[in-house]
There are 2 protein chains.
Amino acid sequence: MAPSSSSRAGRPPRTSREAILAAARGLIAREGWQRLTFRRLAAELGVGTTTLYHHVRDREDLVIQLLNDQAARTARPELPGDPHERIIAAGIAVHDTLARWPWAAEVVATDGFIVRLGEPALWMVDAIVGGALDAGCTQAEAVVVFRSVWYYTVGEIIVRARTADRPSDAPRAVDADSFTGLDPERLPHLAAVRGEWGRESARDTYAEGLRAFVGGLLDRGRVR
Amino acid sequence: MAPSSSSRAGRPPRTSREAILAAARGLIAREGWQRLTFRRLAAELGVGTTTLYHHVRDREDLVIQLLNDQAARTARPELPGDPHERIIAAGIAVHDTLARWPWAAEVVATDGFIVRLGEPALWMVDAIVGGALDAGCTQAEAVVVFRSVWYYTVGEIIVRARTADRPSDAPRAVDADSFTGLDPERLPHLAAVRGEWGRESARDTYAEGLRAFVGGLLDRGRVR
DNA sequence: ACCTGAACACCGTTCAAGT
DNA sequence: ACCTGAACACCGTTCAAGT
């Protein structure tokens with residue numbers, strides 16, 4: 001399905017949007033998302049770098065197209081009937097999907113990003129907004145619920161991507177002796193939890209945070 | 001206090017950490033944070049680019065030092081006695097401060113970022129952790145409360161920085177006709193709130209989202 | 001010690017020209 | 001139409017050499 005390489009007999013004289021996305025997927029899979037550049041992508045396809053500008057507007061556009069393309073290939077989960085649980089399930093599904101695509105991190109925080117998503121990616125917005133409406137939110141409140149969950153998710157995803165990104169040579173001592181030289185007189189509470197900090201920071205707490213967040217957001221009269 | 005420029009009689013033969021940070025502040029103030037590069041910063045100081053590497057380890061280190069430096073110059077707010085309200089006040093203070101420093105966005109999501117902060121910046125971690133402990137959380141729960149609030153804040157700040165960043169030539173139609181061509185059969189809830197989307201997206205909903213989040217996090221038995 | 005220019009190894013993007 | 005190489009305008013960082 002995806003053209004394997006440029007080593008065929010007569011190298012193809014033209015590319016398509018589909019071929020570019022397929023090559024990008026291959027490049028990410030083989031060399032890592034940090035190596036996805038226009039120059040390398042063009043070389044992968046056996047075309048000139050500037051040829052890509054006939055099919056994608058710029059780098060941001062490439063990554064958003066890639067995200068929409070991948071979303072279309074991903075099965076969407078069955079969601080619970082309970083509105084509250086439905087929002088949580090949709091949030092976790094989005095989180096787990098984006099966690100598997102660290103290259104998407106650079107683009108999820110783009111202004112107006114949601115509006116640029118295609119239908120296969122928008123189901124999650126619909127599920128969260130729908131859950132909020134079914135729980136009794138007004139339309140405006142439902143948008144706030146989505147935005148809040150979105151900011152939380154984006155924050156976690158970007159920190160996660162930056163963590164995975166880090167070259168493993170310097171492990172960054174976040175372990176037992178976090179906050180060494182911390183004055184317990186001036187920062188007493190931080191000193192108190194110092195021992196828990198490293199252990200807790202290593203855990204994935206996204207789901208429990210989300211559960212608390214949705215609980216607070218759906219409490220009558222909390223939002224607005 | 002800060003050396004005004006390099007136009008003095010005999011240009012100073014050496015830089016210091018302090019001079020570098022002062023020059024960086026000036027460069028950001030005059031030309032915008034996007035123009036803060038090692039090459040430009042060195043030119044500003046009248047030294048060779050590579051000289052900077054004797055005072056800061058790399059670009060990330062420069063920005064974190066700048067953040068700690070700015071935090072030390074910023075007055076910290078009076079915080080309410082009520083633990084719940086204290087967490088909210090600290091969160092808003094952090095948010096409002098970071099919103100004024102868009103150059104910090106690139107670094108707040110760094111792995112182990114919090115541990116690299118100095119005491120003048122750590123008061124906010126202490127305030128949030130302290131509020132959680134005073135509200136009856138265990139030490140581990142208090143760390144989860146901080147992390148959750150932190151992810152939410154980071155997400156909002158990064159989206160905000162990316163929005164401000166955008167060159168204003170293309171305004172990105174997020175207005176009334178968001179989600180044009182959206183099929184109401186397939187995404188009914190999104191279609192329902194379409195009219196509210198643009199208006200709500202333009203509002204600053206950080207504080208109300210935070211209030212809901214903290215409410216949910218401090219509800220007994222919600223976290224863990 | 002502290003500073004330096006040159007060089008390395010890249011980027012995204014524009015543009016005028018080719019087929 | 002579609003594709004192209006060359007060029008523009010940059011980056012952060014390393015290194016061997018100078019004072």
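In the text below, chain A, chain B and the rest are named by the order of the sequence lines, each starting its count at 1.
- Taking every side-chain heavy atom of A/Thr50 into account, D/dA6 is the closest of C/dG12, D/dC11, D/dA6.
- Counting to the nearest Å, the P atom of C/dG12 and the CZ atom of A/Phe38 are 7 Å from each other.
- With C/dT13, D/dT4, C/dT4 as the candidates, the nucleotide lying closest to the side chain of B/Thr51 is C/dT4.
- Distance from the side chain of B/Arg39 is smallest to D/dG12 among D/dG12, C/dC3, D/dC3.
- A salt bridge is absent between B/Asp96 and B/Arg100: the closest approach of a Lys/Arg side-chain nitrogen to an acidic carboxylate oxygen does not fall below 4.0 angstrom.
- Across the P atoms, C/dC10 and D/dA9 are found 23 Å apart, a figure rounded to whole Å.
- Taking atom C1' on both nucleotides, C/dC2 is separated from D/dA17 by 13 Å, rounded to a whole Å.
- Under 4.0 Å is where a charged nitrogen must lie from a carboxylate oxygen, and between A/Glu44 and A/Arg39 no such pair does.
- As rounded to whole Å, 14 Å separates atom P of C/dA1 from atom NE2 of B/His55.
- Rounded to whole Å, atom P of D/dC2 lies 14 Å from atom CG of A/Leu52.
- Between the CZ atom of A/Arg35 and the C1' atom of C/dA9 there is a distance of 11 Å, rounded to whole Å.
- Within a 6.0 Å sphere centred on CD of A/Gln34, heavy atoms belonging to other residues, nucleotides or ligands number more than 12.
- In this view, A/Arg35 and A/Glu31 satisfy the salt bridge (charged side-chain N to carboxylate O under 4.0 Å, His left out) rule, not counting sequence neighbours.
- If you check D/dC10, C/dG12, C/dC15 against the side chain of A/Thr37, the one that comes closest is C/dG12.
- Looking at DNA chain D, the stems built from 3 or more consecutive Watson-Crick or G-U wobble pairs, each pair with its key distances under 3.5 Å, are C:4-8 with D:12-16, C:12-16 with D:4-8.
- At whole-Å resolution of the value, NE2 in B/His54 and P in C/dT4 are 9 Å apart.
- In this model, no side-chain donor or acceptor of B/Thr49 finds a partner on the base of D/dG12 within 3.5 Å.
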Residues 150-159 of chain B side chain polar contacts: donor-acceptor under 3.5 Å, at least two apart:
unit_1: B/Tyr151; atom_1: OH; unit_2: B/Arg147; atom_2: NE; d: 3.4
unit_1: B/Tyr151; atom_1: OH; unit_2: B/Arg147; atom_2: NH2; d: 2.7
unit_1: B/Tyr152; atom_1: OH; unit_2: B/Tyr206; atom_2: O; d: 2.9
unit_1: B/Thr153; atom_1: OG1; unit_2: B/Val149; atom_2: O; d: 2.7
unit_1: B/Thr153; atom_1: OG1; unit_2: B/Tyr206; atom_2: OH; d: 2.8
unit_1: B/Glu156; atom_1: OE1; unit_2: B/His95; atom_2: NE2; d: 2.7
unit_1: B/Glu156; atom_1: OE1; unit_2: B/Arg160; atom_2: NE; d: 3.1
unit_1: B/Glu156; atom_1: OE2; unit_2: B/Arg160; atom_2: NH2; d: 3.1

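- A/Leu45 has its CG atom 11 Å from the P atom of D/dC3, to the nearest Å.
- At a threshold of 4.0 Å, the pair A/Arg116-A/Glu60 counts as salt-bridged, since one of the basic side-chain nitrogens sits closer than that to a carboxylate oxygen.
- The nearest whole Å value for the distance from the CD atom in B/Glu106 to the P atom in D/dG12 is 10 Å.
- Looking at B/Glu106 and A/Arg162, no side-chain N of the basic residue comes within less than 4.0 Å of a carboxylate O on the acidic one, giving no salt bridge.
- In this structure, the CZ atom of A/Arg57 is 11 Å from the P atom of C/dT14, given to the nearest Å.
- Between B/Arg40 and D/dC11 there is a side-chain polar atom (N or O) within less than 4.0 angstrom of OP1 or OP2.
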